[in-house]
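Below is one structure, written out as structure tokens; the observations come after it.
Numbers for residues simply follow the sequence, beginning at 1. Counting convention: from 1, in listed order, for ligands and their atoms alike.
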Amino acid sequence: MVENTSDSAVQAHILQHLDKNNTIDDTLQLAQQLNITHIELDKSLKSLSAEEYIALQVIEKKLIELTEEGSQYAEKGTPEFQYASGLELNTPTNKAEYDKQIGAELAKIGFSKAMQRKWVQLVPDNKELVNRLAENLEDTERDQLRKYSEFPDLDHHDKKVIDQMKKRKLVNVVTQKHYKVTKGTNFAPVRVKLETDLTADMLRTGAWKDTKFKSFNFNSTGINPEGGHLHPLLKVRSHFREILLEMGFNEMPTNRYVESSFWNFDTLFQPQSHPARDMHDTFFLKKPVLCKEFPAEYGERVKDIHEKGGFGSLGYQYKWDVNEARKNLLRTHTTAISSQMLYALANQKEFKPMKYFSIDRVFRNETLDATHLAEFHQVEGLIADRNIGLSHLISLLKEFYEKIGIKQLKFKPAYNPYTEPSMEVFGYHPQLKKWVEIGNSGVFRPEMLRPMGLPEDVSVIAWGLSLERPTMIYYGINNIKDLFGHKVSLTSTKNNKICYINP
Ligand code: PHE
């Protein structure tokens with residue numbers, strides 16, 4: 001028995017004991033000797049074994065433990081015993097009164113069981129009276145339960161009886177883990193506190209040579225971060241951003257939501273009567289309604305291509321209205337930025353091939369449902385170079401989607417005012433076992449590029465997808481309202497997987 005049962009005192013006791021006797025046969029007994037619980041002892045054992053002062057060998061023991069009811073029976077006897085033993089032998093007693101006296105609940109079970117065992121009977125000519133018949137009341141169950149509590153080791157008792165007792169919820173079988181302890185590879189009679197830091201002092205004095213350092217525990221689990229959880233969309237966004245940067249794309253400055261119709265639609269050869277420009281699909285600004293300006297000369301060329309065509313195109317043959325182009329809106333796609341970047345590229349002295357990407361928010365006047373909100377995020381990328389076309393686009397898409405974990409792709413011809421040819425991208429979803437649309441792409445039209453001033457032999461291939469779709473797939477989210485907006489619970493952000501695994 002040690003006086004001080006603090007962790008370090010217990011550890012010192014263990015080490016001294018081993019120093020003298022080489023082993024501790026059973027830590028259960030040691031806990032009893034030290035007068036501490038085995039759980040308390042366990043802490044000291046684990047700590048010593050982590051530094052290999054000691055080696056632990058698990059001993060598992062199955063023990064019978066009495067339930068609360070079982071303990072009561074062991075103490076006072078079974079209900080039938082309690083019922084019968086409370087009555088005088090051969091002395092009819094008023095049952096109602098007796099039942100009340102010993103308690104209705106005990107009386108109910110106790111009486112019927114005592115009847116079965118013929119310990120008591122109701123007096124034949126007066127059923128209000130109960131009479132004890134048996135002189136010797138042998139309460140075998142109580143005796144059995146008492147034996148269990150004295151010798152709880154499962155191996156010492158009849159299995160069948162234990163099973164019956166278990167069914168009656170009088171006992172449980174529990175597994176107790178304890179140890180045999182021997183000296184570990186780093187055994188020493190006194191524990192040396194290991195250093196956790198290499199200090200400048202140790203280096204200066206040379207003390208580091210004789211210092212014992214604590215090794216890293218790579219198996220310990222980290223503390224759950226309490227704060228600073230990234231929203232799933234942001235996690236996927238930074239993952240995609242990294243992929244695109246690795247692929248050599250430059251990030252476009254998308255840090256504004258308001259654009260003019262000019263950059264959002266007109267420069268993209270989207271006619272002013274196009275349904276997407278309708279109030280129903282686009283949020284226009286009330287204040288200021290019109291943008292200040294856009295490059296005037298370029299504006300003229302955009303007007304010409306819409307009205308009359310050029311570069312082999314007939315245009316749309318309608319009257320282009322500058323005021324329609326000046327209308328401010330919440331950008332409906334990030335292609336509005338791509339257009340400005342390409343215009344800037346065209347206005348450099350000499351053309352340089354470029355790869356651009358962006359991931360940012362766009363707005364559409366959508367009917368809201370489980371998969372649509374009025375705002376969402378677009379991932380968009382483009383390459384401007386000489387001698388590139390559809391085949392490059394296809395291989396680019398394969399590379400990108402493979403990197404985000406989508407390995408099977410299908411392409412479907414589609415229509416965009418600003419690309420020709422255009423392709424919708426479908427990816428196979430192995431969990432849903434179906435093809436889902438995961439992007440739109442194409443080769444930008446000369447009607448868009450030539451008025452900007454890009455050389456004739458320069459092509460631009462581009463694609464776009466929503467950030468929400470792959471995020472919902474990665475995180476198994478079915479309703480977009482659980483991902484984005486005021487209904488998202490902070491707890492879900494906190495409890496989401498830190499990493500998602502590509503499907
Ligand atoms: N802007 C298109 C959209 O909003 C995506 C896209 C980008 C398509 C680039 C073709 C080329 O769906």
Side-chain angles (χ1 to χ4, degrees), residues 240 244 247 249-252 254 257 259-271 274-278 280-283 329-343 345 354-366 371-385 388-401 404 406 409-427 436-449 452 454 458-470 480:
F240 284 11
L244 288 158
M247 288 172 74
F249 286 82
N250 297 285
E251 193 160 15
M252 296 188 269
T254 46
Y257 295 154
E259 282 293 346
S260 61
S261 298
F262 181 71
W263 288 113
N264 195 84
F265 294 128
D266 294 279
T267 61
L268 295 166
F269 197 52
Q270 198 144 325
H274 191 284
R277 295 177 70 141
D278 199 296
H280 298 295
D281 293 307
T282 304
F283 292 113
L329 44 76
L330 290 178
R331 65 177 177 220
T332 63
H333 52 185
T334 44
T335 319
I337 312 293
S338 305
S339 181
Q340 286 163 69
M341 296 303 285
L342 287 170
Y343 174 71
L345 187 66
M354 274 315 279
K355 288 162 110 176
Y356 285 124
F357 83 95
S358 68
I359 309 176
D360 212 336
R361 198 179 293 194
V362 299
F363 305 85
R364 286 185 197 172
N365 199 351
E366 296 262 14
T371 51
H372 292 88
L373 289 180
E375 51 192 296
F376 64 98
H377 296 79
Q378 273 188 334
V379 184
E380 175 153 335
L382 59 95
I383 301 180
D385 203 349
I388 54 170
L390 194 65
S391 56
H392 300 89
L393 178 61
I394 289 176
S395 83
L396 171 67
L397 293 172
K398 282 190 177 152
E399 187 182 347
F400 171 76
Y401 284 100
I404 68 168
I406 301 169
L409 291 186
K410 263 191 194 173
F411 305 104
K412 191 177 139 193
Y415 172 77
N416 292 310
Y418 39 93
T419 52
E420 179 60 36
S422 312
M423 300 188 301
E424 270 169 7
V425 188
F426 287 78
V436 287
E437 199 206 315
I438 39 153
N440 184 3
S441 68
V443 183
F444 282 140
R445 292 183 86 104
E447 288 97 325
M448 168 185 166
L449 302 181
M452 291 177 170
L454 280 169
V458 168
S459 307
V460 180
I461 55 177
W463 85 104
L465 66 146
S466 89
L467 185 64
E468 279 77 357
R469 172 71 53 96
I480 197 155

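- Set against the non-hydrogen atoms of H333, the atoms of ligand 1 under 4.0 Å away are 1 (N), 4 (O).
- Interface atoms of ligand 1 facing A462, defined by a heavy-atom separation under 4.0 Å, are 9 (C), 11 (C).
- From the protein, the heavy atom lying nearest to atom 12 (O) of ligand 1 is N440 ND2, 3.5 Å.
- In this structure, K355 satisfies the cation-pi test against F249, with its NZ or CZ atom closer than 6.0 Å to the six-membered ring centre and inside 45 degrees of the ring normal.
- Contacts with ligand 1 closer than 4.0 Å are made by no heavy atom of S422, backbone or side chain.
- When each of I438, V379, I480 is checked for a side-chain contact (heavy atoms from CB on, under 4.5 Å) with R469, only I438 meets the rule.
- With 3.5 Å as the limit, one finds no donor-acceptor pair spanning the side chains of S466 and Q378.
- Residue, atom and distance of the protein heavy atom nearest to atom 3 (C) of ligand 1 are Q378 NE2, 3.5 Å.
- A ring-centre distance under 6.0 Å is found for Y418 and H333.
- Qualifying side-chain contact (heavy atoms from CB on, under 4.5 Å) partners for D278, counting only residues two or more places apart in sequence or in other chains: H280, D281.
- Among all protein heavy atoms, the one lying closest to atom 2 (C) of ligand 1 is Y418 OH, 3.1 Å.
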Anything under 3.5 Å between a donor and an acceptor, one on a side chain of residues 357-364, the other on a protein residue two or more places apart or in another chain? List them.
| residue | atom | partner | partner atom | Å |
| --- | --- | --- | --- | --- |
| D360 | OD2 | T254 | OG1 | 2.8 |
| R361 | NH1 | E375 | OE1 | 2.7 |
| R364 | NE | T332 | O | 2.9 |
| R364 | NH2 | T332 | O | 3.0 |

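- Contact atoms of ligand 1 toward T335: 1 (N), 7 (C) (distance under 4.0 Å to a heavy atom of the residue).
- Close approach of ligand 1 to R364 is summarised as follows: ligand atoms under 4.0 Å from at least one heavy atom of the residue are 3 (C), 4 (O).
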